[in-house]
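Below, chains carry the letters A, B, ... as their sequence lines are ordered, and counting in each starts from 1. Note that the coordinates shown come from a computational prediction; the quantities given were computed from them, not determined experimentally.
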Protein chains: 2
Amino acid sequence: MDPTGTPAPGTDVCDTPEHVGAVGHALFRVARAHRVAAARLLREIGLYPGQEIMLGHLAEHGDARQSRLVAELGLDASTVTKSLQRLERQGLVERRPDPGDRRVSVVALTAQGRDLQDRIEDSWRRLDALTCEGFTDTDRTALTALLHRLERNLASCEED
Amino acid sequence: MDPTGTPAPGTDVCDTPEHVGAVGHALFRVARAHRVAAARLLREIGLYPGQEIMLGHLAEHGDARQSRLVAELGLDASTVTKSLQRLERQGLVERRPDPGDRRVSVVALTAQGRDLQDRIEDSWRRLDALTCEGFTDTDRTALTALLHRLERNLASCEED
DNA sequence: TAGCAACAGTTGGTCGACCAATGATATTAT
DNA sequence: ATAATATCATTGGTCGACCAACTGTTGCTA
C-alpha cells in the first residue's frame, strides 16, 4: 500500500498496528531477502555469503593481519578465524606467520583468490541492480544516506 | 574510510569507488549491527534474535501450523522446526498434533510465552528508537517506504 | 483400488555469527 | 628481571539460516 510515495505527511508510521518495531522488522526482512539473493549469486562462483566480503576487503586493502580484518569488518575474531580456515582450504587465501611478531598471522589472497575478484564485483553489481530496480539516483542516494545514519546510530550504542 | 561521516547529501554515492555494491554493502553492515543490537536487548529476556519474531507472530496471529509459519515468516521449514524445538524446550511454546490431519502439528504460545510478549514489544520499541535516533517522522516514513520497495524487488526475483 | 504425486515435518550437514575460555606471545609496570 | 596485563589467534559451544535427503500422510488419478 502506498509503496512508492506520497507518504501523506499526516500518516504516522508508528500507528501501523501490525508491528511495534516497524523499521526494525522491515530491516530484518529486507536483510534476510538480501542475504538469500546474495547467496544465490555467490553460489555460482562457489562462495558462501560473507566470504566475498573478506576477499573483497583483501583485494581492496591488501594483505592484513587477522586483527585488522576483525576491526575493519566489525566481526568477531573467532568468526574471522573460521572463515579464513575455510577460504584457505579452498585455496583462495594464504596465512603466513609474521616474522616480527610471532602471535600474528598475515592473510593474503592467493592468485586464485585474486582471480575471483572480478566475478565477485560482478555479483555485487548485479545484486545491487536487482535490489535497487526502479530506483532513481535520488532514491539510491537517499537510501544510502539513511542507511549510513542507521549504521552510525547502531554503532554508537555499541560502545556501552 | 571516512568513518564518522559527513555524508554530505550532495555526494554521489555511486561514484565512491571503494565499493561496487554500495547499497548492498551498506545494507549488510546495517543489518549486522542491527542484529547485534537486537541480540543484546533480547538477551535480557532470555531470547536469541529470531525467536522473538516467532513468538511475536504467534501472539499477533494466533496458533498456527508450522507450514503457515514457514510461509508467513518466509523461513526455511527446517529453520522453523529447530527454532520451535528450542522454544518448546524453554517452555515458551507448545506443539500439539492436529486431529484432522496427522501430518501437521499446531503451534501455540504457552502462558509463559504469552507473558513474554510485553517485554518483547518493549524491546522492539527500544530498538527502533535507538536505531532511528534523530529521525523525523518524514525520515522514518521515507526509510520504511524505501525498505518496502527493496523487499518487493528482492522478493520478486526470488521466484525464478 | 493401487499407485503416485504433493504436502508436513524432521534430521543431518554446512556456513556465518556470537560468546566464553584457552594458549602463546608482547608490553608494561613494579 | 619478574610479575601483571594486554594482544593475537584458536577451539568449543550455541543459534539462526540454508539445502538436501528422508519419513509419514493425504489426495488425486489412472
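No contact: B/R68 has no heavy atom under 4.0 Å from any strand. Contact annotation for B/S67: backbone-only contact, meaning every heavy-atom pair under 4.0 Å involves sugar-phosphate atoms and none involves a base.
Side-chain N/O atoms of A/Q85 include one lying less than 4.0 angstrom from OP1 or OP2 on D/dT11. Of the side-chain N and O atoms in B/T81, one or more sit less than 4.0 angstrom from OP1 or OP2 of C/dT10. For A/T79 and C/dG16, the shortest distance from a side-chain N or O to OP1 or OP2 is not below 4.0 Å. Of the side-chain N and O atoms in A/R95, one or more sit less than 4.0 angstrom from OP1 or OP2 of D/dT10. Between C/dG16 and A/R86, a contact under 4.0 Å exists linking OP1 or OP2 to a side-chain N or O. Of the side-chain N and O atoms in A/Q51, none sit less than 4.0 angstrom from OP1 or OP2 of C/dC15. The side chain of A/Q66 contributes an N or O atom lying less than 4.0 Å from OP1 or OP2 of D/dT10.
Note that the OG1 atom of A/T144 and the CG atom of B/L27 stand 10.0 Å from one another [nearest 0.5 Å]. In this structure, CD on A/E94 lies 11.5 Å from CD on A/Q112, to the nearest 0.5 angstrom. Note: B/L127 CG to A/L154 CG = 7.0 Å, rounded to the nearest 0.5 Å. Atom CG in A/L69 sits 12.0 Å away from atom CD1 in A/I53 (nearest 0.5 Å). Rounding to the nearest 0.5 Å places CG of A/L41 at 13.0 Å from CZ of A/R125.
D/dC18 atom P lies 15 Å from atom NE2 of A/H34, rounded to whole Å. Rounded to whole Å, atom P of C/dG9 lies 10 Å from atom CG of B/L84. Whole-Å rounding puts the A/R32 CZ to D/dA17 P distance at 7 Å. The CZ-P distance, from A/R65 to D/dA9, rounds to 6 Å in whole Å. If you take CE of B/M54 and P of D/dG16, they are 8 Å apart, rounded to a whole angstrom. Straight-line distance from the CG atom of B/L42 to the P atom of C/dC19: 14 Å, rounded to whole Å. Put simply, CZ on A/R35 is 9 Å from C1' on C/dG16, counting in whole angstrom units. The separation between B/F28 atom CZ and C/dC15 atom P is 16 Å, rounded to whole Å.
No more than 12 heavy atoms of other residues, nucleotides or ligands sit less than 6.0 Å from atom CZ of B/R96. Annotation: B/R126, atom CZ; neighbour count of heavy atoms from other residues, nucleotides and ligands within 6.0 Å is above 12.
Distance from the side chain of A/S83 is smallest to C/dG16 among C/dG16, C/dA8, D/dT10. Checking C/dC19, C/dA6, D/dT7 against every side-chain atom of A/R103, the shortest atom distance belongs to D/dT7.
Heavy-atom nearest nucleotides on DNA chain C were determined for A/G100 and for B/D76, and the one closer to the 5' end corresponds to B/D76. If A/V80 and A/R43 are placed on DNA chain D by their nearest nucleotide, the residue sitting closer to the 5' end is A/V80.
Comparing the end axes of the helix from C/dT1-D/dA30 to C/dT22-D/dA9, each fitted to five base pairs by superposing C1' atoms of four pairs onto the next four, gives an inter-axis angle of 10° (nearest 10 degrees).
The backbone N or O of A/V23 sits less than 3.5 Å from a side-chain atom of B/D128, completing a donor-acceptor pair. Using modelled atom types, no side-chain atom of A/R86 and backbone atom of A/Q51 make a donor-acceptor pair closer than 3.5 Å.
Evaluation of atom-type donor-acceptor distances gives no pair under 3.5 Å for the side chain of B/K82 against the base of C/dG9. Counting distance only, with no hydrogens placed and no angle test, the side-chain atoms of A/S78 and the base atoms of C/dC19 include a donor-acceptor pair under 3.5 Å. For C/dT25, its base never sits under 3.5 Å from the side chain of A/R102 at any donor and acceptor pair.
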